[in-house]
Amino acid sequence: MIQAIIDCLICPGKDGVGILGDVEAYYGTVEEQGRGSLHLHALLWLRKVPSPKALREALMENRDNIRARLCRYLDMIVKEDLEYDDWFRSPNSGLSSSIHHEAATSNS
């Protein structure tokens, strides 16, 4: 399963660009959770990406409008289920208030 994800989404062939960009290299390890389900931890190195030092300097100076460009890129690749988050944080869900109540009473 992991190999299929890597081959189809992360590194799709010699000339393909994955969903996170043009991957130069990757390293990953599969780990078992306490309940026995497997999951992946991975590091990806993308081509044509500035070094951490160069990126920091460019961000500090906002060179080439890099802050807005980086935010657009992150908005493209980072996704979450907002409907679930909105429900979970809603004061009407009951769940949110019970969690806050438990946290407040356990700290006293």
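Numbers for residues simply follow the sequence, beginning at 1.
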Spell out, yes or no, whether Val30 and Leu9 are grouped together once hydrophobic residues are joined by side-chain heavy atoms under 4.5 Å, including indirect joins.
yes
For Arg63, salt bridge (Lys or Arg N to Asp or Glu O under 4.0 Å) partners two or more places apart
Glu61
Got a donor-acceptor contact below 3.5 angstrom from the Arg47 side chain to the Ala25 backbone?
no
Rounded distance (nearest 0.5 Å) linking atom CD1 of Ile2 with atom CG of Asp7:
11.5 Å
Output for pair (Gln33 CD, His39 NE2), nearest 0.5 Å, gives 5.0 Å
Would you call Tyr26 and Ile6 a side-chain contact if the rule is heavy atoms closer than 4.5 Å?
yes
Approximate separation, where rounding is to 0.5 Å, of Leu20 CG and Asp22 CG:
11.5 Å
Starting from Leu46, can I reach Val17 by hopping between I/L/V/M/F/W/Y residues whose side chains sit under 4.5 Å apart?
no
Could you walk me through whether Ile66 and Leu55 pass the side-chain contact (heavy atoms from CB on, under 4.5 Å) check?
CA-CA 9 Å; Ile66 193 167; Leu55 182 58; 3.7 Å; yes
How long is the straight-line distance from CE of Met76 back to SG of Cys71, given to the nearest 0.5 Å?
12.5 Å
For the pair Leu40 and Thr29, evaluate side-chain contact (heavy atoms from CB on, under 4.5 Å) and give the outcome as yes or no after the intermediate values.
CA-CA 6 Å; Leu40 174 70; Thr29 184; 5.8 Å; no
Can you check side-chain contact (heavy atoms from CB on, under 4.5 Å) on Glu31 and Leu38, steps first, answer last?
CA-CA 6 Å; Glu31 183 177 87; Leu38 301 177; over 6 Å; no
Please report the closest heavy-atom contact between Val23 and Ile10, naming both atoms and the distance.
CG2-O, 3.4 Å
Start with the C-alpha distance between Arg69 and Asp64, add both sets of side-chain angles, then the distance that settles side-chain contact (heavy atoms from CB on, under 4.5 Å), and finish with yes or no.
CA-CA 9 Å; Arg69 291 172 46 217; Asp64 298 323; 3.6 Å; yes
Any chain of hydrophobic side-chain contacts (each under 4.5 Å) joining Tyr27 to Leu44?
no
